[in-house]
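See structure below.
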Amino acid sequence: MLGLMQVQAFRCARTYDSLEKFSSKHIAYNLKKELDEVYGPAWHCIVGSSFGSYVTHSTGYFLYFSMEKFHILIFKTKVRRALN
């Protein structure tokens with residue numbers, strides 16, 4: 001993931017100073033919403049203390065990091081318009 005996008009994701013995640021107050025679902029929802037608004041759809045975010053994953057993502061749009069007790073996985077996929 002580009003450096004600027006990484007900084008955006010870290011800043012958004014750090015807005016949760018006390019992670020005890022927020023659920024992993026709440027953090028994932030807000031990170032996805034923020035990235036969708038800034039960089040367009042379709043971002044996916046997984047937050048938890050323990051999880052496995054196997055995902056397909058657009059090249060250059062993948063980030064995994066840890067923050068306090070949570071691990072955060074963010075990735076983007078391409079969106080195609082449905083044909084009528």
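Along the sequence shown, residues carry numbers from 1. The shown structure was predicted, so the numbers you read here are calculated from the model rather than taken from an experiment.
V38 and Y61 fall within a single hydrophobic cluster, where Ile, Leu, Val, Met, Phe, Trp and Tyr side chains are chained together by heavy-atom contacts under 4.5 Å. In terms of hydrophobic clustering, with Ile, Leu, Val, Met, Phe, Trp and Tyr side chains grouped at heavy-atom distances under 4.5 Å, F65 and W43 are assigned to a common cluster. Grouping the Ile, Leu, Val, Met, Phe, Trp and Tyr side chains by contacts below 4.5 angstrom, directly or via other members, places L35 with L63. M5 and I46 are assigned to two separate hydrophobic clusters, defined by single-linkage of ILVMFWY side chains at heavy-atom distances under 4.5 Å.
Minimum heavy-atom separation, S49 to F70: N-CD2, 4.2 Å. The shortest heavy-atom contact between Y39 and K76 is O-NZ, 3.0 Å. Listed here is the closest heavy atom pair of F51 and G48: CE2-N, 3.8 Å. For the pair A9 and L31, the tightest heavy-atom approach, listed with the atom from each and the gap, is O-CD2, 3.7 Å. Across every non-hydrogen atom of P41 and D36, the tightest pair is CA-OD1, 3.5 Å. Between H71 and S66, the shortest heavy-atom contact is ND1-OG, 2.7 Å.
Counting heavy-atom neighbours within 6.0 Å of F10 CZ, excluding the residue itself, gives a total above 12.
To the nearest 0.5 Å, the span separating OG on S53 from OH on Y64 amounts to 8.0 Å. Within the model, atoms SG of C12 and NZ of K32 stand 12.5 Å from one another, a figure rounded to the nearest 0.5 Å. In this structure, CE in M1 is found 5.5 Å from CD1 in I74, a value given to the nearest 0.5 Å.
The aromatic rings of F62 and H57 sit tilted relative to each other, their planes meeting at an angle between 30° and 60°.
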